Amino acid sequence: MPWIVGVSGASGTPYAAAVLRALLAAGESVDLVVSRASRLTLLDETGISFRDAHWQHDLRDWLARGADGKPGTFEADVSGVRHWSAGDLAAGPSSGSYPTKGMLIVPASTACVAGVALGLSKDLLQRTASVTLKERRRLVVAVRETPLDGRTLRHLVALDDAGASVVPASPAFYAGATHIQDLVDFVAGRVLDAAGVGHGLYRRWRGDLGGARPTT
């Protein structure tokens, strides 16, 4: 069964790329939903136009880039990915009878958070998240916004009450980050931790103070 990865319009497309690469490296299959708003963000952050008719080429180009935007940083095999158009409300993931392991929304915009919390289902991403909740499957929401106002906080509490895991895109520094990719991978790793997917994206805390300091 696949994991569904939904990419909303918040800034943070490198987070989504890191999660996708790690899922594929772990041997997981992925159903991908890229919202219309996220395509504008992806174009702005990477220069890549994500097109339904050429999604494999565009996805391969996206996943090959590092967090600094440098092309050719990673090997990108997208054979384990199935893409669904965000406007296709008849797609497989729109039904609870479509078997999945759960869904990861990364990054999640406040508009996406509100839509899922309120059950709006205005596109396939929101509809699939609603299905994931009603079927009691894992839903991980990597919200990427600051500051958070009261409305969004209430929506996040509603998602937590409904059984979702809320994972703010908040990098930590105890893992010894020396590059922007390390910070991105930490957030991606925490998303995968919440989903129960094994990975080696960051160095875990072992209880040793100063362990993240560079040795010179």
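This is a predicted model, so every value here is computed, not measured.
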#### Entry: Same apolar cluster (I L V M F W Y, side chains within < 4.5 Å links), Val5/Trp62
yes
### Message
List the residues meeting side-chain hydrogen bond (donor to acceptor under 3.5 Å, both in side chains) with Thr152, not counting sequence neighbours, and say none if there are none.
### Response
Asp149
#### Entry: Pairwise salt bridge (Lys or Arg N to Asp or Glu O under 4.0 Å) hits with a residue in residues 31-46, at least two apart
Arg39-Asp52
### Message
Salt bridge or not between Lys101 and Glu28? Use side-chain N to carboxylate O under 4.0 Å.
### Response
yes
### Within one Ile-Leu-Val-Met-Phe-Trp-Tyr cluster: Leu192 and Leu20, side-chain cutoff 4.5 Å
yes
### Query
On the ring face of Phe74, is Arg65 found with NZ or CZ under 6.0 Å from the centre and within 45° of the axis?
no
### Message
Before you tell me yes or no, could you show the steps for Leu24 and Asp77 under side chain to side chain contact (heavy atoms under 4.5 Å, CB included), namely the whole-Å CA-CA distance, both residues' side-chain angles and the distance that decides it to 0.1 Å?
### Response
CA-CA 8 Å; Leu24 295 171; Asp77 180 3; over 6 Å; no
### Task
Might you work through the side chain to side chain contact (heavy atoms under 4.5 Å, CB included) test for Leu125 and Met103, ending with a clear yes or no?
CA-CA 10 Å; Leu125 193 158; Met103 182 177 188; 4.1 Å; yes
#### Entry: Side chain Arg127, main chain Ser94, donor-acceptor under 3.5 Å
yes
### Query
What are the two closest heavy atoms between Pro99 and Met1, and how far apart are they?
CB-SD, 3.5 Å
### Task
Compare all side-chain heavy atoms of Thr100 with those of Arg137 and state whether any distance is below 4.5 angstrom.
yes
### Query
Side chain of His155, backbone of Ala117: donor and acceptor closer than 3.5 Å?
no
### Query
What is the minimum heavy-atom distance between Ser8 and Cys112, and which atoms define it?
CB-CB, 3.9 Å
### Query
Just wondering, more than 12 heavy atoms not from Lys134 lying within 6.0 Å of its NZ?
yes
### Query
Mind checking whether Tyr15 and Phe186 have ring centres under 6.0 Å apart?
no
### Message
For residues Val30 and Val197: do they belong to one hydrophobic cluster (side chain heavy atoms under 4.5 Å, members Ile, Leu, Val, Met, Phe, Trp, Tyr)?
### Response
yes
### Working for side-chain hydrogen bond (donor to acceptor under 3.5 Å, both in side chains), residues Asp193 and Tyr202
CA-CA 11 Å; Asp193 288 345; Tyr202 68 89; 2.5 Å; yes
### Query
So, the side chain of Ser38 versus the backbone of Val7: is there a donor-acceptor pair under 3.5 Å, distance only?
yes
### Message
Do Leu118 and Val113 sit in one hydrophobic cluster, given that two such residues count as connected whenever their side-chain heavy atoms are within less than 4.5 Å of each other, even indirectly?
### Response
no
### Task
Please report the shortest heavy-atom distance between Ser130 and Gly119, naming the atom on each side.
OG-CA, 4.0 Å
#### Entry: Arg144 side chain vs Ser11 backbone, donor-acceptor pair below 3.5 Å
yes
### Message
Quick check: do Val81 and Trp55 have side-chain heavy atoms less than 4.5 Å from each other?
### Response
yes
### Task
Answer with yes or no after comparing the ring centroid distance for Phe50 and His57 against a 6.0 Å cut-off, counting only values under it.
no
### Test item: Gln126 side-chain N/O and Val116 main-chain N/O as donor-acceptor pair under 3.5 Å
no
### Query
Do the side chains of Leu104 and Val167 get nearer than 4.5 Å, heavy atoms only?
no
